[in-house]
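Naming convention: chains lettered A, B, ... in sequence-line order (proteins, then strands); numbering from 1 in each chain. All figures in this text were calculated on a predicted structure; none of them were measured in a lab.
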Protein chains: 2
Amino acid sequence: MRIGELCQATGVGIETIRYYEKEGLIPAPARTDNGYRNYGSAHLERLSFIRHCRALDMPLAEIKRMLGFVAHPDADCGDINRLIDEQLARVRVRLKSMRALEKQLSQLRAHCGAGHTAAECGILHELVAAAQGEACACHTKAP
Amino acid sequence: MRIGELCQATGVGIETIRYYEKEGLIPAPARTDNGYRNYGSAHLERLSFIRHCRALDMPLAEIKRMLGFVAHPDADCGDINRLIDEQLARVRVRLKSMRALEKQLSQLRAHCGAGHTAAECGILHELVAAAQGEACACHTKAP
DNA sequence: AAAAACCCTGTAGTGACTTCAGAGTCAATA
DNA sequence: TATTGACTCTGAAGTCACTACAGGGTTTTT
């Protein structure tokens, strides 16, 4: 199976496959006479596994650890649990801040409809005022 | 005001301040005799504005546009509204995918408590199975 | 025979910083 | 006075996970 076929089979871009090889996430495959990469089903499975983990937004370093567990089936399962827990914690932190962000932005958006000049824009006023509030209240030294 | 003081006043790292200057988000300040950057209150306000926009996760390019509106108060306000709408749309897309992610991960996490080997781990089984399902069903050409 | 499609390597670019190396400047201390 | 420590400077490189490109070779199709 050539790289283009692997790309078709997994939906992973050719450049990305080569990148994963360079980064050591998939082993370097055998080459045909003309130097083309020649993949087998093990590569396909491993690449799909990687993409599934990436779809869970795991960093490549964590995926490497997961691949280590796949390769060592007698390792302790607790480490896998911890890894997923860490990932879940990261996702929840980001989720929380995204929710706050959505709220802030939609509130901000409500401060202005169209048809004004920038000088009259409630959005801009809010942003400038918020910036001033922050700069004065939060970080400056004693007066 | 030296760069360290501006850093204190705004909570923005020194290197980040220099980076913003290089990228043209804040104007290059005057220098003292020894070559140190010398900031005024206009810099402080502008930097706070930038950080507030960054806290809304706006890309620097959009923030540049916002700063343009601040500088041209007679511009049309509709552009500001559009900019915020775009940002809000981006945030909502990401929020949706983060929610899905959280769900997937917590479901995955439920497949295993501790105390097994990796071979017996429900999480690993799920991931491997999911990868196989994806590789077979979604992308391969006709059999 | 020529064109299109595929593959190769190696390098650079993305965004928004962060870190580092190597050097100069300034205030306070031994 | 010497020197320590804190601050500042520039410019380059590193981060993450790709993506795009330049410049070439190979295979398949027309």
Side-chain angles (χ1 to χ4, degrees), chain A residues 1-26 28-39 43 46-67 86-87 90-91 93-94 97 101 141, chain B residues 1-26 28-39 43 46-67 86-87 90-91 93-94 97 101 141:
Chain A
M1 178 184 237
R2 301 198 303 192
I3 199 169
E5 298 172 78
L6 187 60
C7 164
Q8 282 288 316
T10 58
V12 179
I14 288 177
E15 303 296 333
T16 306
I17 296 172
R18 289 200 279 250
Y19 170 73
Y20 285 167
E21 179 182 328
K22 202 178 62 178
E23 296 298 303
L25 278 109
I26 49 177
R31 299 289 180 124
T32 55
D33 290 348
N34 53 23
Y36 289 7
R37 286 173 179 80
N38 192 11
Y39 295 100
H43 287 99
R46 193 176 173 99
L47 185 54
S48 300
F49 181 86
I50 291 168
R51 287 314 278 198
H52 198 76
C53 291
R54 281 296 294 144
L56 297 172
D57 211 34
M58 284 188 211
L60 296 188
E62 304 262 294
I63 297 176
K64 268 192 190 171
R65 287 171 60 198
M66 282 303 270
L67 287 166
E86 283 162 23
Q87 177 62 13
R90 270 196 299 273
V91 167
V93 165
R94 286 212 281 141
S97 78
L101 203 49
K141 290 177 180 171
Chain B
M1 182 186 232
R2 301 198 305 190
I3 199 167
E5 298 171 78
L6 186 59
C7 163
Q8 283 287 316
T10 58
V12 179
I14 288 177
E15 303 297 332
T16 305
I17 296 172
R18 288 200 280 250
Y19 170 73
Y20 285 166
E21 180 182 329
K22 203 178 61 178
E23 295 299 302
L25 278 109
I26 49 177
R31 301 289 181 123
T32 55
D33 289 350
N34 52 24
Y36 290 6
R37 287 173 179 80
N38 191 12
Y39 295 99
H43 288 100
R46 194 177 173 97
L47 185 54
S48 300
F49 181 86
I50 292 169
R51 288 314 278 197
H52 198 76
C53 291
R54 282 295 297 141
L56 298 171
D57 211 35
M58 286 189 209
L60 296 188
E62 306 261 293
I63 297 175
K64 268 191 190 175
R65 287 170 61 199
M66 283 303 269
L67 288 166
E86 284 162 23
Q87 177 61 15
R90 272 196 299 273
V91 167
V93 165
R94 286 213 281 142
S97 78
L101 203 50
K141 291 178 181 172

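- In this view, Arg65(B) and Glu62(B), Leu83(B), Glu86(B) satisfy the side chain to side chain contact (heavy atoms under 4.5 Å, CB included) rule, not counting sequence neighbours.
- Taking five base pairs at each end of the helix from dA1(C)-dT30(D) to dA30(C)-dT1(D) and finding the rotation axis that steps the C1' atoms of four pairs onto the next four gives two axes whose angle is 30°, to the nearest 10°.
- With sequence neighbours excluded, the residues that form a side chain to side chain contact (heavy atoms under 4.5 Å, CB included) with Glu15(A) are Arg18(A).
- Neither OP1 nor OP2 of dA17(D) sits under 4.0 Å from any side-chain N or O of Arg51(A).
- Applying the side chain to side chain donor-acceptor pair (under 3.5 Å) test to Tyr20(A) and every residue at least two apart in sequence or in another chain returns Arg51(A).
- Qualifying side chain to side chain contact (heavy atoms under 4.5 Å, CB included) partners for Asp33(B), counting only residues two or more places apart in sequence or in other chains: none.
- In this structure, the nucleotide among dT9(C), dC17(C), dT10(D) sitting nearest to the side chain of Arg37(A) is dT9(C).
- In this structure, the CD atom of Glu62(B) is 12 Å from the P atom of dG15(C), given to the nearest Å.
- Put simply, Thr16(B) has a side-chain N or O that comes within less than 4.0 Å of OP1 or OP2 on dT18(C).
- Every residue meeting the side chain to side chain contact (heavy atoms under 4.5 Å, CB included) condition with Tyr39(B), not counting sequence neighbours, appears here in chain and number order: Met1(B), Ile3(B), Leu6(B), Ile17(B), Glu21(B), Pro29(B), Arg37(B), His43(B).
- The CD1-P distance, from Ile14(A) to dA17(D), rounds to 22 Å in whole Å.
- When distances are taken from the side chain of Arg54(A) to each of dT10(D), dC18(D), dA16(C), the shortest belongs to dC18(D).
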- Message: Can you build the contact string for nucleotides 21-30 of chain D? Use B for base contact, S for sugar-phosphate-only contact, and - for no protein heavy atom under 4.0 Å.
- Response: B---BBS---
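- Residue Tyr19(B) places no side-chain N or O under 4.0 Å from the OP1 or OP2 atom of dG15(C).
- Residues satisfying the salt bridge (Lys or Arg N to Asp or Glu O under 4.0 Å) criterion with Arg94(A), sequence neighbours excluded, are Asp57(A).
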Look for any protein N or O under 3.5 Å of an N or O in nucleotides 1-3 of chain C and output each such pair with its distance, or none.
none

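- For the pair Cys7(A)/Arg2(A), no side-chain contact is recorded, criterion being any heavy-atom separation below 4.5 Å from C-beta on.
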